[in-house]
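So the structure is just underneath, and the comments pick up after that.
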Amino acid sequence: MLKVPEMASLYLEPLGPMGLPVSGGATGFVVRDGQELFLVTNRHVVTARNSKTGDRLGGLSPSAVRVYLRSQLAGRWVGVVVELGDEDGRPLWWEHPEHGWQVDVVAIPFPAQGVPQELVDWSAAYTVAGPALPRLGIASQVHVIGYPVGFDPNRTSAWLGVWTRGTLAWPPSLDWESLPTMLIDCRARQGQSGSPVVFYADELTRFLASDGRELVGPAWDLVGVYSGRTHRDSDVGMVWKRSAVADIIAARQRPDGPYVNPLDSAADRTAALFPAESEAEQHGGAALGSGS
C-alpha cells in the first residue's frame, strides 16, 4: 500500500496565531531531495492571499499548518504542527527563484524532529530531480490526488487521498501566462489546493517514456501541483509544473515577506496540538508536535 500514490497526499489544516483552524482543509505532499524532506503545497494555503493579485482570501493569515501523517500502525494518524514563520515573522518557506510570489507553490523544510521515526513511513515521498518518467501531451490523462471538501480524514473514512481524473487542456511544453504552469480539465474542488498531479499507468497500460521508450506499468510519477480553477464556473484548473517544484528546492530561496504572525505562546502551541490529539484518538490516532 505504501507504494501507491494516494499514500503520498497529506491533509493540511491552516492554523491561526491561537492555534485554531482559520480556513478549510487543503492538501500537501512530501518531496525528498537526498536525505532531506520538504512539505509542498500552494502558496495561497500558507498566506491566505491570491498569488495573482496579492489580495486577501478572507480570514486570518495562517501562523502554522497542522499536517496529518500516516503512521505505520494501521489506522493511526500523527498530527504534526509546522510553524510558518521564524521569531521575527519572516516566512520559513521557499518560493520560486525567478517568479517569486507569482508561482503559487511553496516548499517548507520538513521538520522530522519530534516525530518518532518508527511511527511514520516516508517511502511515499516524491522526487523531482531528473526528467519526468512519461512523455505527456495535450489530452494526456492525469489525476489530482487530495482531499476535496467533505473528505476530512478526521471525520470520514477518507484515510487515503481521493483520485480525481483529468486531462491536460494545454500543451505541457508551453507555459500558461508566461509562468511554469499548464491547464487541466478536471472537476476538482475546494480542499484539493496543493494536491499532487500524478501520471499513473496500471499493469495493463503501455505508455511512452520521456526518453522515447515504450514501457508498461505499473508506474506513477509527479506531474505538478494543482492550485485551483481558473474561474469558479469552470472545470479548467491550473497545474504548476514539476519543474517549478524542482527550481524552488534547488534555489532554496526564502522570501522577505509577507509577515507571518507567529503562534502567540507556548499555550497556543499546546492548543494547536490537543485538538488534533483528541480528534485523532477518536479515530485511533495520535498527535505530536514538531517545531520549526
**OP:** Of all the heavy-atom pairs spanning Ile145 and Ser9, show the shortest one and how long it is.
**Re:** O-OG, 2.6 Å

Subject >> Within-4.5 Å side-chain heavy-atom neighbours: Glu95 and Val106 >> reply: yes

**OP:** Report yes or no: do Leu222 and Val103 belong to one cluster of Ile/Leu/Val/Met/Phe/Trp/Tyr joined by side chain heavy-atom distances under 4.5 Å?
**Re:** yes

Original post:
From Arg187 CZ over to Arg165 CZ, what is the distance, rounded to the nearest 0.5 angstrom?
Top reply: 11.5 Å

Original post:
With no hydrogens and no angle check, is any side-chain donor or acceptor of Asn261 less than 3.5 Å from a backbone partner on Gly89?
Top reply: no

Subject >> Candidate list Ser193, Ser227, Ser51, test side-chain hydrogen bond (donor to acceptor under 3.5 Å, both in side chains), partner His44, passing option >> reply: Ser193

Original post:
Would you say the side chain of Asp211 lies within less than 4.5 Å of the side chain of Pro131, judging by non-hydrogen atoms?
Top reply: no

Original post:
So if you build clusters from Ile, Leu, Val, Met, Phe, Trp, Tyr with side-chain heavy-atom gaps below 4.5 Å, do Val144 and Val236 land together?
Top reply: yes

Original post:
Phe207 and Leu133: side chain to side chain contact (heavy atoms under 4.5 Å, CB included), yes or no, with the steps?
Top reply: CA-CA 10 Å; Phe207 65 95; Leu133 173 65; 4.0 Å; yes

Original post:
To the nearest 0.5 Å, what is the distance between CG (Leu174) and CE (Met182)?
Top reply: 11.0 Å

Original post:
Among Tyr200, Tyr126, Trp163, whose ring-ring contact (aromatic ring centres under 6.0 Å, His included) with Trp220 holds?
Top reply: Tyr126

**OP:** Please round to the nearest 0.5 Å and tell me the distance separating atom CG of Leu15 and atom CZ of Arg66.
**Re:** 5.0 Å

Subject >> CZ on Arg242 to CG on Leu136, rounded to 0.5 Å >> reply: 10.5 Å

**OP:** List the atom of Tyr11, the atom of Gly25, and the distance in Å for their closest heavy-atom pair.
**Re:** OH-CA, 3.6 Å

Original post:
If you take all heavy atoms of Pro148 and Gly146, which pair is closest and at what distance?
Top reply: CD-O, 3.4 Å

Original post:
Going through the distances and angles, do Leu183 and Met238 end up as a side chain to side chain contact (heavy atoms under 4.5 Å, CB included)?
Top reply: CA-CA 5 Å; Leu183 300 180; Met238 294 174 290; 4.1 Å; yes

Subject >> Same cluster (ILVMFWY, side-chain, under 4.5 Å), Trp94 and Leu179 >> reply: yes

Subject >> Shortest non-hydrogen contact between Val225 and Val197, atoms and distance >> reply: C-CG2, 4.1 Å

Original post:
Are Asp88 and Arg90 close enough for a salt bridge, meaning some N to O gap below 4.0 Å?
Top reply: no

**OP:** Grab the two heavy atoms, one from Ala246 and one from Val128, that are nearest each other, plus how far apart they are.
**Re:** CA-CG2, 3.8 Å

Subject >> Ser195 versus Gln192, closest heavy-atom pair with distance >> reply: OG-O, 2.7 Å

Original post:
Are the side chains of Trp93 and Leu84 in touch, meaning some heavy atoms are under 4.5 Å apart?
Top reply: yes

**OP:** Could you go through the side chain to side chain contact (heavy atoms under 4.5 Å, CB included) check for Asp235 and Arg189 one step at a time?
**Re:** CA-CA 9 Å; Asp235 285 334; Arg189 291 296 182 263; 3.4 Å; yes

Subject >> Test item: side-chain donor near acceptor, Arg56 and Ser61, under 3.5 Å >> reply: yes

Subject >> Straight-line distance of Arg206 CZ to Glu214 CD, nearest 0.5 Å >> reply: 4.0 Å

Original post:
In this structure, are over 12 heavy atoms from other groups packed under 6.0 Å from Gln102 atom CD?
Top reply: yes

Original post:
In terms of hydrophobic clustering (I, L, V, M, F, W, Y; side-chain heavy atoms under 4.5 Å; direct or indirect links), are Tyr259 and Trp101 co-clustered?
Top reply: no

**OP:** Could you tell me whether a side-chain N or O of Ser63 sits under 3.5 Å from a main-chain N or O of Gly85, the two making a donor and an acceptor?
**Re:** no

**OP:** Check for a donor-acceptor pair, side chain of Thr41 on one end and backbone N or O of Gly194 on the other, with a separation under 3.5 Å.
**Re:** no

Original post:
Quick one: side chain to side chain contact (heavy atoms under 4.5 Å, CB included) partners of Leu208, sequence neighbours excluded?
Top reply: Arg135

Subject >> Gap between atom CG of Asp104 and atom CZ of Arg43 - 0.5 Å precision >> reply: 8.0 Å

Subject >> Within 6.0 Å of CZ in Arg254, more than 12 heavy atoms from elsewhere >> reply: yes

Original post:
Just checking, any donor-acceptor pair under 3.5 angstrom between side chains of Ser178 and Asp175?
Top reply: no

Original post:
Below 4.5 Å, heavy atoms only, C-beta onward: do Val198 and Phe29 meet side chain to side chain?
Top reply: no

**OP:** Treat each ILVMFWY residue as a node, draw an edge where side-chain heavy atoms are under 4.5 Å apart, and state whether Leu12 and Val260 are in one component.
**Re:** yes

Subject >> Arg252 side chain near Asp33 side chain, heavy-atom distance below 4.5 Å >> reply: yes

Subject >> Check against side chain to side chain contact (heavy atoms under 4.5 Å, CB included), His96 and Asp247 >> reply: CA-CA 7 Å; His96 195 273; Asp247 289 344; 3.7 Å; yes

Original post:
Mind checking whether Glu98 and Pro180 have side chains closer than 4.5 Å, heavy atoms only?
Top reply: no

